[in-house]
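Presented below is the structure to which this report refers.
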Amino acid sequence: MSASSQTASTASAASTNGSGAAAILSAGIGAFCIGLFAVAADKSPHIKALLNIYKPTGPLSGVTTAAIAIWLASWFVLALLWRSRDVRLARVTAIAFVLLGLSFLLTFPPIADLL
Amino acid sequence: MEITVRGLWTLIHGMGFGALYLLACSGAAVELFRLTSSATPTATPAQERFLKLYLLTMVVLAWFAVLTGAYIVYPWYRAVPPSGTADLAMFPQRLLLSSPSTSGWHSLGMEWKEHVAWLAPISITMVTAVFLQYGRDLRQHRALRTAALTFTAASFLAAGVAGFFGAMINKHAPVDGGHIIQLSQGEAK
(Lines give C-alpha, C1' and ligand atoms only; values in the text may rest on other atoms or scores of the structure.)
Protein backbone atom coordinates (compact mmCIF):
# COMPACT_ATOMS: atom_id res chain seq x y z
CA MET A 1 0.00 0.00 0.00
CA SER A 2 1.43 3.41 -0.93
CA ALA A 3 2.01 6.09 1.68
CA SER A 4 -0.64 8.34 0.17
CA SER A 5 -3.37 5.66 0.15
CA GLN A 6 -2.42 4.69 3.72
CA THR A 7 -2.89 8.30 4.82
CA ALA A 8 -6.20 8.49 3.00
CA SER A 9 -7.55 5.36 4.66
CA THR A 10 -6.48 6.57 8.15
CA ALA A 11 -8.07 9.94 7.57
CA SER A 12 -11.27 8.30 6.40
CA ALA A 13 -11.46 5.98 9.44
CA ALA A 14 -10.88 8.90 11.81
CA SER A 15 -13.34 11.17 10.07
CA THR A 16 -16.35 8.92 10.73
CA ASN A 17 -17.55 8.20 14.24
CA GLY A 18 -18.61 4.57 13.63
CA SER A 19 -15.59 2.74 15.02
CA GLY A 20 -15.52 4.99 18.10
CA ALA A 21 -19.22 4.40 18.62
CA ALA A 22 -18.66 0.63 18.34
CA ALA A 23 -15.99 0.77 21.05
CA ILE A 24 -18.21 2.86 23.35
CA LEU A 25 -21.37 0.79 22.97
CA SER A 26 -19.55 -2.52 23.35
CA ALA A 27 -17.83 -1.25 26.53
CA GLY A 28 -21.29 -0.46 27.90
CA ILE A 29 -22.49 -3.92 26.92
CA GLY A 30 -19.46 -5.59 28.53
CA ALA A 31 -19.85 -3.62 31.75
CA PHE A 32 -23.57 -4.40 31.91
CA CYS A 33 -22.86 -8.12 31.40
CA ILE A 34 -20.59 -8.11 34.47
CA GLY A 35 -23.50 -6.85 36.58
CA LEU A 36 -26.08 -9.05 34.90
CA PHE A 37 -24.08 -12.27 35.25
CA ALA A 38 -23.10 -11.41 38.84
CA VAL A 39 -26.80 -11.12 39.76
CA ALA A 40 -27.69 -14.24 37.76
CA ALA A 41 -25.00 -16.28 39.54
CA ASP A 42 -26.21 -14.96 42.87
CA LYS A 43 -29.87 -15.80 42.23
CA SER A 44 -29.64 -19.12 40.42
CA PRO A 45 -27.64 -22.09 41.77
CA HIS A 46 -27.72 -23.60 38.28
CA ILE A 47 -26.14 -20.52 36.65
CA LYS A 48 -23.70 -20.26 39.56
CA ALA A 49 -22.52 -23.83 38.90
CA LEU A 50 -22.36 -23.14 35.17
CA LEU A 51 -20.16 -20.07 35.70
CA ASN A 52 -17.79 -21.86 38.06
CA ILE A 53 -15.25 -22.55 35.32
CA TYR A 54 -12.17 -22.23 37.55
CA LYS A 55 -12.86 -23.69 40.98
CA PRO A 56 -10.31 -21.73 43.09
CA THR A 57 -11.86 -18.44 41.89
CA GLY A 58 -15.44 -19.75 41.84
CA PRO A 59 -18.30 -18.24 39.81
CA LEU A 60 -16.40 -14.94 39.46
CA SER A 61 -14.23 -16.67 36.84
CA GLY A 62 -17.24 -17.46 34.65
CA VAL A 63 -19.00 -14.13 35.27
CA THR A 64 -16.00 -12.14 34.07
CA THR A 65 -14.91 -14.51 31.28
CA ALA A 66 -18.41 -14.59 29.78
CA ALA A 67 -18.80 -10.81 30.06
CA ILE A 68 -15.39 -10.20 28.44
CA ALA A 69 -16.22 -12.62 25.62
CA ILE A 70 -19.51 -10.81 24.94
CA TRP A 71 -17.80 -7.41 25.17
CA LEU A 72 -15.09 -8.37 22.63
CA ALA A 73 -17.53 -10.15 20.31
CA SER A 74 -19.95 -7.20 20.31
CA TRP A 75 -17.03 -4.81 19.71
CA PHE A 76 -15.86 -6.90 16.75
CA VAL A 77 -19.32 -7.11 15.18
CA LEU A 78 -20.21 -3.43 15.75
CA ALA A 79 -16.81 -2.31 14.44
CA LEU A 80 -17.37 -4.33 11.27
CA LEU A 81 -20.83 -2.88 10.82
CA TRP A 82 -20.00 0.74 11.63
CA ARG A 83 -16.31 1.21 10.72
CA SER A 84 -16.86 3.48 7.74
CA ARG A 85 -20.20 4.98 8.82
CA ASP A 86 -21.37 7.92 10.84
CA VAL A 87 -23.88 6.76 13.44
CA ARG A 88 -26.24 8.69 15.72
CA LEU A 89 -23.67 9.10 18.43
CA ALA A 90 -25.91 10.86 20.96
CA ARG A 91 -28.18 7.83 21.10
CA VAL A 92 -25.30 5.34 21.17
CA THR A 93 -23.49 7.13 24.01
CA ALA A 94 -26.77 7.55 25.95
CA ILE A 95 -27.34 3.78 25.75
CA ALA A 96 -23.71 3.11 26.74
CA PHE A 97 -24.01 5.46 29.76
CA VAL A 98 -27.24 3.77 30.88
CA LEU A 99 -25.61 0.33 30.59
CA LEU A 100 -22.56 1.57 32.50
CA GLY A 101 -24.79 3.05 35.23
CA LEU A 102 -26.76 -0.19 35.47
CA SER A 103 -23.54 -2.16 35.80
CA PHE A 104 -22.56 -0.12 38.87
CA LEU A 105 -26.03 -0.64 40.36
CA LEU A 106 -26.20 -4.37 39.60
CA THR A 107 -22.79 -5.06 41.13
CA PHE A 108 -23.75 -3.16 44.31
CA PRO A 109 -24.92 -5.93 46.70
CA PRO A 110 -27.78 -4.03 48.48
CA ILE A 111 -29.39 -3.32 45.09
CA ALA A 112 -28.70 -6.76 43.66
CA ASP A 113 -30.33 -8.26 46.80
CA LEU A 114 -33.55 -6.37 46.02
CA LEU A 115 -33.95 -8.13 42.65
CA MET B 1 11.56 -7.78 58.42
CA GLU B 2 9.78 -10.43 56.43
CA ILE B 3 6.79 -10.95 54.18
CA THR B 4 4.91 -14.07 53.14
CA VAL B 5 4.43 -15.04 49.50
CA ARG B 6 0.68 -14.41 49.80
CA GLY B 7 1.32 -11.05 51.39
CA LEU B 8 3.74 -10.14 48.61
CA TRP B 9 1.22 -11.05 45.89
CA THR B 10 -1.45 -9.02 47.69
CA LEU B 11 0.99 -6.11 47.74
CA ILE B 12 1.78 -6.51 44.02
CA HIS B 13 -1.94 -6.68 43.21
CA GLY B 14 -3.03 -3.76 45.39
CA MET B 15 -0.08 -1.41 45.51
CA GLY B 16 1.83 -2.43 42.41
CA PHE B 17 -1.03 -2.47 39.95
CA GLY B 18 -4.15 -1.10 41.67
CA ALA B 19 -2.74 1.95 43.44
CA LEU B 20 -0.53 2.86 40.49
CA TYR B 21 -3.57 2.66 38.23
CA LEU B 22 -5.55 4.95 40.56
CA LEU B 23 -2.69 7.44 40.59
CA ALA B 24 -2.55 7.38 36.80
CA CYS B 25 -6.29 8.04 36.40
CA SER B 26 -6.19 11.74 37.25
CA GLY B 27 -3.31 12.29 34.82
CA ALA B 28 -5.19 10.52 32.05
CA ALA B 29 -8.35 12.53 32.64
CA VAL B 30 -6.49 15.85 32.66
CA GLU B 31 -4.42 15.07 29.57
CA LEU B 32 -7.40 13.69 27.65
CA PHE B 33 -9.39 16.79 28.51
CA ARG B 34 -6.54 19.13 27.62
CA LEU B 35 -5.33 17.53 24.40
CA THR B 36 -8.81 17.15 22.96
CA SER B 37 -10.24 20.48 24.06
CA SER B 38 -10.96 23.04 21.38
CA ALA B 39 -10.02 25.77 23.87
CA THR B 40 -6.35 24.75 23.94
CA PRO B 41 -3.78 24.80 21.11
CA THR B 42 -3.57 21.64 19.02
CA ALA B 43 -1.44 18.97 20.68
CA THR B 44 1.95 18.24 19.18
CA PRO B 45 2.59 14.73 17.78
CA ALA B 46 4.96 14.13 20.71
CA GLN B 47 2.25 15.01 23.26
CA GLU B 48 -0.21 12.78 21.46
CA ARG B 49 2.30 9.90 21.35
CA PHE B 50 3.01 10.33 25.06
CA LEU B 51 -0.68 10.12 25.98
CA LYS B 52 -1.10 7.01 23.83
CA LEU B 53 1.77 5.32 25.67
CA TYR B 54 0.41 6.53 29.01
CA LEU B 55 -3.03 5.08 28.27
CA LEU B 56 -1.57 1.79 27.04
CA THR B 57 0.37 1.52 30.30
CA MET B 58 -2.87 2.09 32.21
CA VAL B 59 -4.55 -0.69 30.23
CA VAL B 60 -1.76 -3.09 31.23
CA LEU B 61 -1.96 -2.00 34.89
CA ALA B 62 -5.75 -2.36 34.99
CA TRP B 63 -5.79 -5.85 33.48
CA PHE B 64 -2.89 -7.06 35.65
CA ALA B 65 -4.68 -5.69 38.72
CA VAL B 66 -7.92 -7.60 38.09
CA LEU B 67 -6.24 -10.76 36.82
CA THR B 68 -3.81 -11.08 39.75
CA GLY B 69 -6.68 -10.23 42.09
CA ALA B 70 -9.11 -12.80 40.69
CA TYR B 71 -6.73 -15.63 39.91
CA ILE B 72 -3.93 -15.34 42.49
CA VAL B 73 -5.12 -13.47 45.61
CA TYR B 74 -8.87 -14.19 45.60
CA PRO B 75 -8.49 -18.02 45.77
CA TRP B 76 -6.46 -17.57 48.98
CA TYR B 77 -9.06 -15.15 50.30
CA ARG B 78 -12.01 -17.52 49.74
CA ALA B 79 -10.25 -20.75 50.76
CA VAL B 80 -12.48 -23.04 52.83
CA PRO B 81 -10.98 -24.22 56.14
CA PRO B 82 -11.12 -27.90 57.07
CA SER B 83 -14.02 -28.60 59.44
CA GLY B 84 -13.18 -27.90 63.06
CA THR B 85 -10.56 -25.26 62.28
CA ALA B 86 -10.52 -22.83 65.19
CA ASP B 87 -7.87 -20.39 63.96
CA LEU B 88 -9.26 -18.69 60.84
CA ALA B 89 -6.28 -16.39 60.27
CA MET B 90 -5.39 -18.21 57.03
CA PHE B 91 -8.99 -18.04 55.76
CA PRO B 92 -9.82 -14.32 55.44
CA GLN B 93 -13.36 -14.67 54.07
CA ARG B 94 -14.37 -17.03 56.90
CA LEU B 95 -12.60 -14.85 59.43
CA LEU B 96 -14.62 -11.80 58.34
CA LEU B 97 -17.90 -13.75 58.32
CA SER B 98 -17.24 -15.15 61.79
CA SER B 99 -18.07 -11.84 63.48
CA PRO B 100 -21.04 -9.48 62.97
CA SER B 101 -18.66 -6.53 63.36
CA THR B 102 -16.61 -7.59 60.32
CA SER B 103 -19.01 -9.60 58.11
CA GLY B 104 -20.02 -6.48 56.17
CA TRP B 105 -16.50 -6.15 54.83
CA HIS B 106 -17.16 -9.37 52.94
CA SER B 107 -20.89 -9.24 52.22
CA LEU B 108 -20.80 -5.65 51.00
CA GLY B 109 -17.12 -4.86 50.41
CA MET B 110 -15.74 -7.95 48.72
CA GLU B 111 -19.02 -8.81 46.96
CA TRP B 112 -19.00 -5.35 45.33
CA LYS B 113 -15.25 -5.10 44.79
CA GLU B 114 -14.82 -8.46 43.06
CA HIS B 115 -17.27 -7.45 40.31
CA VAL B 116 -17.08 -3.65 40.03
CA ALA B 117 -13.28 -3.75 39.65
CA TRP B 118 -13.68 -5.26 36.16
CA LEU B 119 -15.38 -2.11 34.90
CA ALA B 120 -12.01 -0.33 35.16
CA PRO B 121 -10.07 -2.36 32.56
CA ILE B 122 -13.06 -2.57 30.22
CA SER B 123 -13.55 1.21 30.38
CA ILE B 124 -9.91 2.22 30.03
CA THR B 125 -9.35 -0.26 27.19
CA MET B 126 -12.18 1.40 25.31
CA VAL B 127 -10.87 4.91 26.04
CA THR B 128 -7.39 3.90 24.86
CA ALA B 129 -8.72 2.32 21.67
CA VAL B 130 -10.70 5.46 20.89
CA PHE B 131 -7.71 7.72 21.54
CA LEU B 132 -5.36 5.48 19.53
CA GLN B 133 -7.71 5.77 16.59
CA TYR B 134 -8.75 9.42 16.76
CA GLY B 135 -5.94 11.05 18.73
CA ARG B 136 -6.18 14.84 18.86
CA ASP B 137 -8.94 14.65 16.19
CA LEU B 138 -11.25 13.78 19.10
CA ARG B 139 -11.77 17.54 19.45
CA GLN B 140 -13.84 17.31 16.26
CA HIS B 141 -15.99 14.49 17.71
CA ARG B 142 -17.53 16.08 20.80
CA ALA B 143 -19.75 13.14 21.73
CA LEU B 144 -16.85 10.65 21.42
CA ARG B 145 -14.73 12.92 23.60
CA THR B 146 -17.47 13.20 26.23
CA ALA B 147 -17.91 9.42 26.24
CA ALA B 148 -14.15 8.85 26.58
CA LEU B 149 -13.94 11.26 29.53
CA THR B 150 -17.04 9.75 31.19
CA PHE B 151 -15.68 6.21 30.89
CA THR B 152 -12.32 7.41 32.27
CA ALA B 153 -14.19 8.80 35.30
CA ALA B 154 -16.17 5.55 35.63
CA SER B 155 -12.92 3.60 35.48
CA PHE B 156 -11.50 5.74 38.28
CA LEU B 157 -14.65 5.24 40.39
CA ALA B 158 -14.61 1.47 39.87
CA ALA B 159 -10.92 1.23 40.72
CA GLY B 160 -11.46 3.52 43.72
CA VAL B 161 -14.24 1.33 45.14
CA ALA B 162 -12.11 -1.78 44.59
CA GLY B 163 -9.04 -0.14 46.09
CA PHE B 164 -10.86 1.16 49.16
CA PHE B 165 -12.52 -2.14 50.01
CA GLY B 166 -9.37 -4.07 49.17
CA ALA B 167 -7.35 -2.02 51.64
CA MET B 168 -10.02 -2.23 54.37
CA ILE B 169 -10.56 -5.96 53.93
CA ASN B 170 -6.83 -6.62 54.05
CA LYS B 171 -6.65 -4.53 57.22
CA HIS B 172 -9.31 -6.63 58.98
CA ALA B 173 -8.41 -10.03 57.52
CA PRO B 174 -5.05 -10.01 55.73
CA VAL B 175 -4.33 -12.53 53.00
CA ASP B 176 -1.26 -14.12 54.46
CA GLY B 177 0.67 -17.36 54.55
CA GLY B 178 2.93 -19.45 52.41
CA HIS B 179 6.69 -19.28 52.17
CA ILE B 180 8.29 -16.49 54.23
CA ILE B 181 10.61 -14.08 52.44
CA GLN B 182 13.22 -12.48 54.68
CA LEU B 183 13.65 -8.85 53.64
CA SER B 184 16.17 -7.75 56.27
CA GLN B 185 17.47 -8.76 59.66
CA GLY B 186 16.66 -6.28 62.42
CA GLU B 187 18.06 -5.98 65.92
CA ALA B 188 16.01 -6.87 68.99
CA LYS B 189 15.70 -4.03 71.56
Could you report the tightest heavy-atom contact between [X] and [Y], atom names first, then the distance?
X	Y	answer
B:Phe151	A:Ala27	CE2-CB, 3.9 Å
A:Thr107	B:Trp112	O-CD1, 2.9 Å
B:Ala154	A:Leu100	CB-CD2, 3.5 Å
B:Arg78	A:Lys55	NH1-O, 3.1 Å
A:Ala21	B:Leu144	N-CD2, 3.9 Å

Working to the nearest 0.5 angstrom, can you tell me the gap between [X] [atom1] and [Y] [atom2]?
X	Y	atom1	atom2	value
A:Asp113	B:Glu111	CG	CD	8.5 Å
A:Ile24	B:Met126	CD1	CE	5.0 Å
B:Gln140	A:Ser15	CD	OG	9.5 Å
B:Ile122	A:Ile68	CD1	CD1	6.0 Å
A:Arg83	B:Gln133	CZ	CD	11.5 Å

If hydrophobic clusters are built by linking Ile, Leu, Val, Met, Phe, Trp and Tyr wherever their side-chain heavy atoms come under 4.5 Å apart, do [X] and [Y] end up in the same one?
X	Y	result
B:Tyr134	B:Leu53	no
A:Val77	A:Leu99	yes
B:Leu61	B:Phe156	no
B:Val73	B:Leu67	yes
B:Leu22	B:Leu11	no

- Message: Classify the ring geometry of A:Tyr54 against B:Tyr71: parallel below 30°, tilted from 30° to 60°, perpendicular beyond 60°.
- Response: tilted
Relative to chain A, which segment of [X] carries a heavy atom at a distance below 4.5 Å: side chain, backbone, both, or neither?
X	result
B:Val116	both
B:Leu119	side chain
B:Ala158	both

- A:Thr57 side chain vs B:Ala70 backbone, donor-acceptor pair below 3.5 Å: yes
- So what's closer than 4.5 Å to chain B heavy atoms on A:Ser26: side chain, backbone, both or neither? neither
Would one find more than 12 heavy atoms of other residues, nucleotides or ligands at under 6.0 Å from atom [atom1] of [X]?
X	atom1	result
B:Phe164	CZ	yes
A:Phe108	CZ	yes
B:Phe64	CZ	no

- Message: Looking only at heavy atoms and a cut-off of under 4.5 Å, which of A:Ile34, A:Asp42, A:Val63 has the most pairs with chain B?
- Response: A:Ile34
- Specify which of A:Ser103, A:Gly20, A:Ala31 makes the most heavy-atom pairs with chain B at under 4.5 Å. A:Gly20
- Choice from B:Thr146, B:Val127, B:Leu157, B:Val161 maximising heavy atom contacts with chain A below 4.5 Å: B:Leu157
- Max heavy-atom pairs within cutoff under 4.5 Å with chain A, candidates B:Tyr74, B:Tyr77, B:Trp118, goes to B:Trp118
- For side-chain contact (heavy atoms from CB on, under 4.5 Å), just list the numbers for B:Val66 and A:Thr64, CA-CA rounded to whole Å, side-chain angles, deciding distance to a tenth of an Å, and then say yes or no. CA-CA 10 Å; B:Val66 293; A:Thr64 53; over 6 Å; no
- Query: So, do B:Thr125 and A:Trp75 sit near enough that their side-chain heavy atoms are less than 4.5 Å apart?
  - Reply: yes
